[in-house]
Student: 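Below you will find the structure I want to go over with you.
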2 protein chains.
Amino acid sequence: MQNRLLAALPPGDFARLSPHLVPFELERGRTLHEPGDRIDHVYFPLVGVISLMALMENGAAIESAMIGPEGAVGLPAAIRQRTAISRAVVQGKGRALRLSATVLHEAWTASPALRDLVDAHGEGLYANVTQSVACNALHSVEERFCRWILSCHDRVEGDTLALTQEYLADILGVQRTTVTAVARSLQDKGAIRYRRGLVDIIDRAVLEAAACECYGVVRRTYDRLLPAAQRQVKSETSAEP
Amino acid sequence: MQNRLLAALPPGDFARLSPHLVPFELERGRTLHEPGDRIDHVYFPLVGVISLMALMENGAAIESAMIGPEGAVGLPAAIRQRTAISRAVVQGKGRALRLSATVLHEAWTASPALRDLVDAHGEGLYANVTQSVACNALHSVEERFCRWILSCHDRVEGDTLALTQEYLADILGVQRTTVTAVARSLQDKGAIRYRRGLVDIIDRAVLEAAACECYGVVRRTYDRLLPAAQRQVKSETSAEP
DNA sequence: CTTTGAGTGTCGAGTCCTCGACAGTCTGCC
DNA sequence: GGCAGACTGTCGAGGACTCGACACTCAAAG
């Protein structure tokens, strides 16, 4: 069990949910829901990243939050029927478990532990988005680039991310040429290697030094609100060994 | 009753809350809570604005959301004991009703209508913050300035806002000199008049034209999620007469 | 093996905003 | 009345990012 929320459920509560959890392949670029869609399914990533994108009237889309194995997409539908606020897009290949919103709602009604988890997840997500408001206003593209790469790295397997500069430019809400310049600069510093749609993380310490505080703040918020993950595959270099 | 949430409560539910609602003067600049504080009181503005500020490690503070008579500060404490995520600062003189978090929690337990309202408010606030993530990344200072002035105007009495350019620069996360330039430009267009800590709204239509879409998006989101206000003092010019 | 298209590198003019500095002006307080 | 402090106006150099353009390279499909 690799999803932090599901792992935190008491065995009995999980057992009742378990038969309804459907394995779901996360395919890069797939849209799970659009703003205004009724949320019929909730996705618990096991590995991989789903981006919640805010859409502007001119068609621009920018990431408001990233959700990986520490959370779930559409979770507020546990509380009551709900329409999506953001577009949810799969960022890269991965695996998730899918659950019908109605089943989830019934489980939520029955399980205090699940109610607590849904609440904690909502608070964490809110804190995350709040941080991004400030981040987008105050921090440079390079800082935000590093924050994003690190957050993504935490949520996937391996040290290679499949993403183009064009895509990253969208996510960050900047021009592609700016991303190119930043990527080049970080490559020169030995932090990453960029090769045609793939980013290799070479040196996390360099990335952490170049990232804004937002990376650590959000990560620690989730650690505070949600039960610890079984095993931390990657750790902040500043943390205890 | 001028608070939209309280006004939406069924009479019986409100009656049970009513004896515990304490009138509270909103004094400009007063801090209601800091991040990490336990939320002991919830504030329902009747008139006036409270800013939720995200704090950075270097001391910078930038607004993540504005709360007025359409909402409440600290409302999630209704669900369970909670620590504040943002700093809550009174933006300008006004009035509110204050409620103990424990009383609110008991009422929340007893009243399905209140639970729905808390949930709807949370969703609206989340949507608001999400919009601001995109806004801060994609929109010019002038657009954001106008959005902010309009949002504020909706939530106070009269057409004059008490705020300095320095304060506004903080809120928006930009330099004061930039605010000065933008204010000057809008004054030249006849949208506002700026005089030493006071902004007169002269022509809302001009402001709405110069504001980014975020103003209308957030406003309509609240209208969709919360029961209509009794009387709309100020309306979007694009709305029906 | 060749073609096509996606992805990247680069250039340069232009704009928006920063950042520090300083002068001027209004308000409230003594 | 006059002083102190808060607030606003202005200047200018510089940096970060935009925006359009184009050439190049790699990978996959035929």
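The figures that follow rest on heavy atoms only: side chains count, while hydrogens, waters and symmetry mates do not.
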Student: Donor-acceptor pair, distance only, cut-off 3.5 Å: does the side chain of A/D159 make one with the backbone of A/D200?
Tutor: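 Such a contact is absent between A/D159 side chain and A/D200 backbone.
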Student: Donor-acceptor pair, distance only, cut-off 3.5 Å: does the side chain of A/T178 make one with the backbone of A/V174?
Tutor: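 Such a contact is absent between A/T178 side chain and A/V174 backbone.
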Student: Checking the side chain of A/R144 only, and the main-chain atoms of A/L172 only, is there a donor and an acceptor separated by less than 3.5 Å?
Tutor: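 Between the backbone of A/L172 and the side chain of A/R144 there is a qualifying donor-acceptor contact (under 3.5 Å).
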Student: Would you confirm whether A/E142, through its side chain, and A/A210, through its main-chain N or O, come within 3.5 Å as a donor-acceptor pair?
Tutor: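 No.
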Student: Mind running salt bridge (charged side-chain N to carboxylate O under 4.0 Å, His left out) on A/R155 and A/E70 for me, showing each step along the way?
Tutor: CA-CA 8 Å; A/R155 290 165 172 80; A/E70 86 292 347; 3.1 Å; yes
Student: Do any N or O atoms from the side chain of A/D37 and from the backbone of A/E34 form a donor-acceptor pair under 3.5 angstrom?
Tutor: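 A pair under 3.5 Å: yes.
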Student: So, using salt bridge (charged side-chain N to carboxylate O under 4.0 Å, His left out) as the criterion, who are the partners of A/R38 when residues are at least two apart?
Tutor: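 If we apply the salt bridge (charged side-chain N to carboxylate O under 4.0 Å, His left out) test to A/R38, skipping adjacent residues, the hits are A/D40.
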Student: Rounded to the nearest Å, what distance is computed from the CG atom of residue B/D188 to the C1' atom of nucleotide D/dT8?
Tutor: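 Rounded to whole Å, this separation is 15 Å.
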Student: Just by modelled atom types, is the B/G71 backbone N or O under 3.5 Å from a matching donor or acceptor in the B/N3 side chain?
Tutor: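 Looks like yes, one N/O pair under 3.5 Å.
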Student: Distances under 3.5 Å between protein N/O atoms and the N/O atoms of nucleotides 7-11 of chain C, please, pair by pair.
Tutor:
| unit_1 | atom_1 | unit_2 | atom_2 | d |
| --- | --- | --- | --- | --- |
| C/dT8 | OP1 | A/G197 | N | 2.7 |
| C/dT8 | OP2 | A/Q165 | N | 2.8 |
| C/dG9 | OP2 | A/Q165 | NE2 | 3.1 |
| C/dG9 | N7 | A/R176 | NH1 | 3.4 |
| C/dG9 | O6 | A/R176 | NH2 | 2.8 |
| C/dT10 | OP2 | A/R184 | NH1 | 3.0 |

Student: Where do N or O atoms of nucleotides 14-17 of chain C meet protein N or O atoms at under 3.5 Å, pair by pair?
Tutor:
| unit_1 | atom_1 | unit_2 | atom_2 | d |
| --- | --- | --- | --- | --- |
| C/dC17 | OP1 | B/V141 | N | 2.9 |

